[in-house]
**Q** 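Below: one structure in structure tokens.
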Amino acid sequence: MPELPEVETVRAGLEKYVLNRRISSAHSYHLRAIKPSSISPLAAVVGAKIRAVKRRGKFLWFELDREFTLVAHLGMSGQLLISSKQLPDQSHLRARIELQKAAGLAGKKSASDEIRFIDQRTFGWLSIEQMHDQVPTSVAHIAYDPFEADFNLKEVITNISSRKSAIKPAILNQEIISGIGNIYADEALWRAKIHPEIICEDLSEDEIKKLINSAKAVMKSAIKAGGTSFDQQYKNVNGASGYFSRSLSVYGRAGQPCSRCSTLIRRIAFANRSSHFCPRCQR
DNA sequence: AGGCCTGTTATTAT
DNA sequence: AATAATAACAGGCC
């Protein structure tokens, strides 16, 4: 679930609660919670003040008043919740970052809270990293996402149009364009009326342009809806589900009629993933 | 009971 | 060398 719109929802939620807060303690509870390449144990963040919460694609990071930054990736099932310290630990709690009382909030409920990293399937991680060129080490190879000012539509079109793979794996490739996962890939392809298995080289530049603009548009709508939740795995920082799943046109709708032409939506297994598309709209 | 699944990356193949 | 395809990582749901 956590693709760009879900990660952005989490990022914005975190920003609201943790900006300029100081970290009073940090603990991890699972071997896989901290990325093996992390340059320090999680405890290195204790005493640091959170200066910003940034995101590129599906990666997010906390800028600190330190030489290093705290990076987070939610993987398949990760959550970052703002939680009262009083709440009992959730199952699959992988790490806890306690925040000092916010100035002027003494006695208030939000005065005593923490960030909890919860991850059932443990593909997510936290990591302490150096910054290079505005982004942490593990983000250096990730392409701009379409919401970044430096995202270059023309360059991405040129890149995709020279490839010999199918179009769907190309837009899922985080080194070409970041943020798109299986759900929004299927939705973007449906909006642009492109079959997921068409070879990149065989698409016109206009078709690729339409596809990228569709991806950006569908993700923008999803951010507005708080992201897509199918089960209990994707939550915003307050533990609430997003409601964009009701707006999906193809993903998870196999056997249901296409909203444009009423043809039944098909689901095929392809490149280790399932793809949903309208066999009539998407040739 | 076994197949399925939102993501990334290392390895292998071309 | 660069690009493409595949497998592996976990665990709980149906």
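So you know, we letter chains A, B, ... as the sequences are listed, proteins then strands, and number each from 1.
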**Q** Compare side-chain N and O positions of A:His141 against OP1 and OP2 of B:dT9 and report whether any pair is under 4.0 Å apart.
**A** yes
**Q** Hey, does the side chain of A:Lys164 come within less than 4.0 Å of C:dA4's phosphate (OP1/OP2), counting only N and O?
**A**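 Answer no for this pair, as no side-chain N or O of A:Lys164 is under 4.0 Å from OP1 or OP2.
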**Q** Atom CG of A:Leu172 and atom P of C:dT6: how far apart are they, to the nearest Å?
**A** 15 Å
**Q** Rounded to the nearest Å, what distance is computed from the CD atom of residue A:Gln120 to the P atom of nucleotide C:dC9?
**A**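 It works out to 18 Å between those atoms.
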**Q** Quick one: closest heavy-atom pair of A:Arg94 and A:Thr122, and the distance?
**A**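 Smallest interatomic distance, heavy atoms only, reads NH2-CG2, 3.3 Å.
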**Q** Give a yes or no on whether the backbone of A:Ile194 and the side-chain of A:Glu207 come within a donor-acceptor separation of less than 3.5 Å.
**A**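 No, the answer is negative, given that no donor and acceptor are paired below the 3.5 Å cut-off.
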**Q** When you get a sec, tell me which of B:dG7, C:dA4, C:dG12 is the closest nucleotide to the side chain of A:Arg273?
**A**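 It is B:dG7.
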**Q** To the nearest Å, give me how far apart CD (A:Glu197) and C1' (C:dA5) are.
**A** 14 Å
**Q** Taking NZ, NE, NH1 and NH2 as the nitrogens, is one of them in A:Arg11 or A:Glu15 under 4.0 Å from a carboxylate oxygen of the other?
**A** yes
**Q** Just to be sure I understand the rule, does A:His30 reach a base, reach only the sugar-phosphate, or reach nothing, if contact means heavy atoms closer than 4.0 Å?
**A** nothing
**Q** Has the side chain of A:Asp145 got a donor or acceptor atom that lies under 3.5 Å from a matching backbone atom of A:Gly179?
**A** no
**Q** OP1 or OP2 of C:dT3 less than 4.0 angstrom from a side-chain nitrogen or oxygen of A:Arg163, does that happen here?
**A** no
**Q** Please tell me which of the listed nucleotides, B:dT8, B:dG7, C:dG12, lies nearest to the side chain of A:Met76?
**A** B:dG7
**Q** In whole angstrom, what separates A:Ile180's CD1 from B:dT8's C1'?
**A**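 Atom CD1 in A:Ile180 sits about 16 Å away from atom C1' in B:dT8.
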**Q** Taking the minimum atom-to-atom distance to the side chain of A:Ser165, which one of B:dG7, B:dT8, C:dA5 wins?
**A** C:dA5
**Q** Is the ring centre of A:Phe123 under 5.5 Å from the base ring centre of C:dC9, and are the two planes under 30° apart, so that they stack?
**A** yes
**Q** Expressed in whole Å, how much space separates the P atoms belonging to B:dA1 and C:dC9?
**A** 22 Å
**Q** Is there a side-chain contact between A:Ser127 and A:Phe59, using heavy atoms and a 4.5 Å cut-off?
**A** no
**Q** Calculate the interatomic distance between A:Arg56 atom CZ and B:dT8 atom C1'; express it in whole Å.
**A** 17 Å
**Q** Checking contacts here: which listed nucleotide (B:dG7, C:dG12, B:dT8) is nearest the side-chain heavy atoms of A:Asn182?
**A** B:dG7
**Q** When you check the phosphate oxygens OP1 and OP2 of C:dG12, does a side-chain N or O of A:Ser77 lie under 4.0 Å from one of them?
**A**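 No, because none of the side-chain N or O atoms of A:Ser77 sits under 4.0 Å from OP1 or OP2 of C:dG12.
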**Q** Who does B:dT8 pair with, Watson-Crick or G-U, both distances under 3.5 Å?
**A** C:dA8
**Q** Report the residues that fulfil ring-ring contact (aromatic ring centres under 6.0 Å, His included) with A:His276, sequence neighbours left out, ordered by chain and then residue number.
**A** A:Tyr251
**Q** From NE2 of A:His276 over to C1' of B:dC5, roughly how many Å is that when rounded to an integer?
**A** 10 Å
**Q** Less than 4.0 angstrom between a side-chain N/O of A:Arg267 and OP1 or OP2 of B:dC5, yes or no?
**A**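 So the side-chain polar atoms of A:Arg267 do come within 4.0 Å of the phosphate oxygens OP1 or OP2 of B:dC5, strictly under.
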**Q** Here's a test of your reading of the structure: between A:Pro169 and A:Arg94, which maps to the more 5' nucleotide of DNA chain C?
**A**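 By nearest-heavy-atom nucleotide position, the 5'-most residue is A:Pro169.
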**Q** Using whole Å, what does the distance between atom P of nucleotide B:dG7 and atom CG of A:Asp186 come to?
**A**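 Between P of B:dG7 and CG of A:Asp186: 10 Å.
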**Q** What is the distance, rounded to the nearest whole Å, between atom CD1 of A:Ile176 and atom P of C:dA2?
**A**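 Going from A:Ile176 (CD1) to C:dA2 (P), I get 15 Å.
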**Q** Has A:Gln174 got a side-chain N or O lying under 4.0 Å from the OP1 or OP2 atom of B:dT8?
**A** yes
**Q** Think A:His73 has a side-chain N or O under 4.0 angstrom from the OP1 or OP2 of B:dG7?
**A** no
